[in-house]
Amino acid sequence: MKLRDLIARKRDGGELSAPEWTFVAQGVANDSLPDYQIAALLMACVLRGMTPDETVALTDAMLNSGRSLDLGHLSVARVDKHSTGGVGDKVSLVLAPLVAACGVAVPMVSGRGLGHTGGTLDKLEAIPGFNTRLSLAAAARQVERIGCVIIGQTDEIAPADRKLYAMRDATGTVAAMPLIAASIMSKKLAEGLTGLVLDVKTGVGAFLPTLDEELALARQMVALGEHHNCPVVVLLSNMDFPLGRECGNGNEVEESVAALRGDGPPDLRELTLRLGAEMLVLGGVESTVEAATRRLEAAIASGAALEKFRELVIAQGGDPAVCDDPQRVLAQPVLRVPYPASRDGVVQRVNALTVGRGITALGGGRQAMEDSIDHSVGFSLRAIPGDRVRRGDVLAEILAADSAGVEAGKLALDEAIAIGDAAVTLPPLVSHRVTGSGVERLA
Ligand code: URA
């Protein structure tokens with residue numbers, strides 16, 4: 001098989017067969033194919049699209065390029081959640097221990113920041129000592145022992161996806177529906193799940209530009225799950241502006257701990273409860289979303305969710321004092337500079353895409369996959385769309401390492417935040433629910 005011929009066929013709008021996708025995935029996983037050819041193939045896929053059969057074939061090929069978590073012997077259900085990527089989205093940090101505290105095991109394989117979006121692993125690594133690089137065997141033992149684990153993709157789990165993901169980030173080929181679907185589902189299907197909940201982001205901070213494409217992505221991932229006997233529920237959630245108030249890494253851990261205590265911002269709590277309720281129903285511990293929501297709320301109120309987070313942090317080598325006094329444990333920014341409102345009015349927007357790019361400019365995200373990041377920088381938002389403000393009110397704090405960072409942060413906020421006179425109606429946080437039975441419009 002010649003990769004050059006496959007690239008040319010894809011460039012001309014043709015289709016690759018399942019064995020051809022296996023050849024590509026194996027070649028990526030064992031480094032036998034040159035990066036420049038893989039990059040050309042990816043770009044042809046972005047420009048020409050892929051058929052549903054090709055998406056299934058690429059998913060299976062990437063899944064089979066590695067091994068799977070073997071948790072079939074556990075008596076409890078195993079359900080995970082994954083999002084297509086957002087800004088300020090720290091839901092996984094709250095959700096994994098919360099759902100585990102309610103009796104459903106959560107074997108979570110997460111990613112790092114991609115493009116303008118943040119990554120769960122980067123946030124967790126803000127906790128001194130926290131180890132996200134466990135082997136599959138160690139991850140399986142931890143799930144058996146405490147009911148949850150959050151790890152990164154090692155060479156064992158869909159290694160072809162791991163390499164393609166990095167290459168897509170570097171070649172402008174992230175935003176393609178079939179590639180996103182295959183990437184997410186190859187990792188998730190390697191977790192040996194009995195159910196999966198997906199959070200597909202919509203709006204300016206989402207990877208895909210239109211609702212139609214986001215719904216198509218949701219349907220495609222549901223179909224891929226069904227193909228592997230893994231029921232999938234997808235919620236579409238708004239990412240026009242960041243989730244919660246803290247955007248960065250360490251400060252997002254702090255906000256997650258607050259949410260686990262029941263003190264977090266309302267949008268973070270609402271999205272966590274909605275995704276978590278779907279997980280408990282899929283896991284069979286509750287039969288309705290309402291009952292599941294009550295169980296989750298009780299686990300937060302009783303402290304069980306925070307205690308499970310403490311167990312998770314200890315199990316993965318992190319400093320458990322982060323649960324009691326996050327500011328003492330997490331690296332703090334050198335500078336905290338207020339960003340004031342330039343006029344009286346109503347906050348019209350806080351653009352998630354621009355805020356995400358601003359975090360990278362501050363050093364809290366990566367320009368290249370091998371870059372290291374500064375966990376202490378980011379933004380602490382004080383105002384969100386719809387808030388009425390007076391000139392000079394603090395709209396945000398810029399958390400920076402130096403004066404260049406402060407300038408970069410200011411530029412990002414100048415572009416991200418608009419104040420006007422019109423009243424603002426916020427979009428619904430969760431707009432659609434997609435399952436094997438079809439699409440439900442929720443708002
Ligand atoms: N998350 C993933 O795991 N893969 C993508 O391609 C996009 C978001």
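Atoms within a ligand are numbered from 1 in the order they appear, just like the ligands themselves. Every value quoted in this text rests on a predicted model; they were computed, and no experiment measured them.
- Close contacts of ligand 1 with Ile180, meaning ligand atoms under 4.0 Å from a residue heavy atom, involve 6 (O), 7 (C).
- Nearest non-hydrogen protein atom to atom 2 (C) of ligand 1 is Tyr165 CE1, 3.2 Å.
- Protein heavy atom nearest atom 8 (C) of ligand 1, with residue, atom name and distance: Thr84 O, 3.5 Å.
- In terms of protein heavy-atom proximity, atom 3 (O) of ligand 1 is nearest to Lys187 NZ, 2.7 Å.
- A donor-acceptor contact under 3.5 angstrom links the side chains of Asp374 and Ser376, judged on distance only.
- In this structure, Ser65 and Gln26 approach most closely via the heavy-atom pair CA-NE2, 4.3 Å.
- A pairwise comparison of heavy atoms in Thr293 and Ala277 identifies OG1-CB, 3.6 Å as the closest pair.
- Interface of Arg168 with ligand 1, defined as ligand atoms under 4.0 Å from a residue heavy atom, comprises 5 (C), 6 (O).
- Remark: the Asn30 side chain and the Ser32 side chain contain an N/O donor-acceptor pair separated by less than 3.5 Å.
- Counted by atom type alone, Glu246 and Ser380 present one or more donor-acceptor pairs between their side chains at under 3.5 Å.
- Annotation: atom 4 (N) of ligand 1 to nearest protein heavy atom, Ser183 OG, 2.7 Å.
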